[in-house]
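Encoded as C-alpha cells, the structure appears first; notes follow it.
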Amino acid sequence: MQALQPDFYARPVLEVARALIGCTVVRGDVAGVIVETEAYHESEPACHAFVGLTPRTSTLFGPPGIAYVYRSYGIHALLNAVCEPEGVGAAVLIRALEPISGITAMRRRRGRVAERLDELCSGPGKLTQALGVTLADNGGNLARGGVQILAGAGVSEVVHTGPRIGITKAVELPWRFCLAGNEHVSRPRPVPLGAGAAR
DNA sequence: CATGGGATTGACT
DNA sequence: GTCAATCCCATGC
C-alpha cells in the first residue's frame, strides 16, 4: 500500500474525514485501519484553530498532510491529520482503528495483555497509546514520517455520520464519521438512521 | 505570573 | 450513573 500524499489532504476537511475511513495508520511494526474520524475547521468554535494562530495551533495552520498531536485532559495524546491548503486551520481527528498488525505490541503498550481486540483502539486516546504516538510526533509528515497513513482499498460499506463526541461547542454539526456496524468504533456508537423508532 | 478548561479514559458507587 | 487524574497553553491581570 502507498502512503497518502499531501494533495490528498489539501481539500475540504469533511471530504478528507470521509475518505480516511478504510485507510491504514502505521507506526513502526503496528498498524490499524481507520474506522472512525471527526472533522474540525477554523470556522467553528470546537476547533482549536478557532482562536487563530498561536503556538499551539501553528501545526493546524501549516501545510496539509502533517500530524497534529496534542495532549488532552493532561493525559492523552490525540492524533489528527492536518487538512486544507496551508493557512487554513483544519484537521481530521483519528478516533478509532481496527488493529491489523502488531497486536501484541499494542496490548503491551496499553498495559492490558488480555484486552479485547475491539477495545484496543476504540478511542482517540487509546489508539495513540497502542501505537506509541506521542507529542513528539506533532508536526511529523504523514507521507514519510514515523507515523504514516496508507491509502485504503476503498470502502464499500456504509459510513454513518453523527455529532462529534466530547465537545461543548458546535455540538450540532454532524462531523463524525464511522464505518457502519464496525465493532472497533468508540462509544457511543452512532445510531443507524431508522433504527430505534419503537419504544 | 495565576488561573481555568479541555476533541478522554478507567475505576468506582 | 459519577468522578478523578494531570498538563499544555490561552487568557487575563
Side-chain angles (χ1 to χ4, degrees), chain A residues 9 12-18 20-21 25 32 34-62 64 66-84 88-99 106-140 142 147 149 159-179 183-190:
Chain A
Y9 303 95
V13 67
L14 285 170
E15 270 184 40
V16 182
R18 169 64 179 78
L20 279 175
I21 300 290
V25 179
I34 299 172
V35 297
E36 178 179 353
T37 62
E38 283 177 3
Y40 288 87
H41 188 271
E42 63 180 31
S43 63
E44 45 90 14
C47 182
H48 292 168
F50 185 72
V51 299
L53 184 59
T54 67
R56 183 194 199 192
T57 62
S58 63
T59 307
L60 279 173
F61 286 95
I66 299 297
Y68 168 56
V69 184
Y70 72 95
R71 187 165 302 291
S72 172
Y73 292 94
I75 303 171
H76 307 286
L78 268 56
L79 173 65
N80 299 251
V82 175
C83 296
E84 311 229 1
V88 179
V92 173
L93 170 68
I94 311 299
R95 284 194 58 88
L97 303 177
E98 178 171 339
M106 288 185 182
R107 289 205 169 101
R108 186 168 58 241
R109 291 204 188 93
R110 290 271 300 145
R112 289 153 185 268
V113 176
E115 188 168 42
R116 291 165 51 105
L117 196 58
D118 58 6
E119 298 280 325
L120 204 48
C121 295
S122 60
K126 298 165 82 171
L127 72 89
T128 55
Q129 186 182 19
L131 295 182
V133 172
T134 69
L135 296 198
D137 292 302
N138 185 44
L142 292 171
V147 181
I149 302 181
V159 173
H160 284 314
T161 63
R164 295 174 292 182
I165 306 302
I167 57 172
T168 58
K169 301 164 197 163
V171 295
E172 73 284 359
L173 297 176
W175 286 8
R176 182 193 191 199
F177 299 84
C178 298
L179 193 52
E183 296 300 310
H184 304 268
V185 305
S186 70
R187 305 300 173 90
R189 296 271 177 73

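Numbers restart at 1 for each chain; the letters A, B, ... are given by sequence-line order, proteins then strands.
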Base contacts versus sugar-phosphate-only contacts with protein, heavy atoms under 4.0 Å: please encode nucleotides 4-13 of chain C as B, S and - from 5' to 3'. -BBB-SSS--

Between side-chain atoms of residues 161-170 of chain A and protein atoms elsewhere (two or more places apart, or another chain), which donor-acceptor pairs fall under 3.5 Å?
residue, atom, partner, partner atom, Å
A:Arg164, NH1, A:Ala39, O, 2.9
A:Arg164, NH1, A:Glu44, OE2, 3.0
A:Arg164, NH2, A:Glu44, OE1, 3.0
A:Arg164, NH2, A:Ala170, O, 3.3

Could you list all N or O pairs between the protein and nucleotides 11-13 of chain B that sit under 3.5 Å apart?
residue, atom, partner, partner atom, Å
B:dA11, OP1, A:Arg112, NH2, 3.3

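With sequence neighbours excluded, the residues satisfying side-chain contact (heavy atoms from CB on, under 4.5 Å) with A:Thr59 are A:Ile66, A:Tyr68, A:Val82, A:Asn138. Not a single side chain to side chain donor-acceptor pair (under 3.5 Å) links A:Arg107 to another residue, sequence neighbours left out. In this structure, the side-chain contact (heavy atoms from CB on, under 4.5 Å) partners of A:Val51, at least two apart in sequence or on a different chain, are A:Thr54, A:Thr57. When the side-chain contact (heavy atoms from CB on, under 4.5 Å) test is applied to A:Arg110, the partners found at least two apart in sequence or on another chain are A:Arg112, A:Glu115, A:Leu120, A:Lys126, A:Gln129, A:Ala130. Looking at residues two or more places apart in sequence or on another chain, you find no side chain to side chain donor-acceptor pair (under 3.5 Å) involving A:Tyr9. Judged as a ring pair (Phe, Tyr, Trp, His ring centres under 6.0 Å), and not counting sequence neighbours, A:Phe50 has no contacts. Residues meeting the side-chain contact (heavy atoms from CB on, under 4.5 Å) test with A:Pro12, sequence neighbours left out: A:Glu15, A:Glu84.
Between the P atom of B:dG6 and the CD1 atom of A:Ile165 lies a distance of 16 Å, rounded to the nearest Å. Atom C1' of nucleotide B:dG10 and atom CG of A:Leu120 are separated by 15 Å, given to the nearest angstrom. Atom-to-atom, CD of A:Glu119 to C1' of B:dT8 comes out at 14 Å; the value is rounded to the nearest Å.
Scanning both residues, A:Leu60 and A:Ala91, for their nearest heavy atoms gives CD2-CB, 3.4 Å.
In DNA chain B, runs of at least 3 consecutive Watson-Crick or G-U pairs, each pair with both distances below 3.5 Å, span B:1-6 with C:7-12, B:8-12 with C:1-5.
Heavy-atom nearest nucleotides on DNA chain B were determined for A:Asn80 and for A:Glu115, and the one closer to the 5' end corresponds to A:Asn80.
Shown for residues 92-99 of chain A: no residue has heavy atoms falling under 4.0 angstrom of DNA chain C.
From A:Thr37, atom OG1 reaches atom CG of A:Leu20 across 6.5 Å, with rounding to the nearest 0.5 Å.
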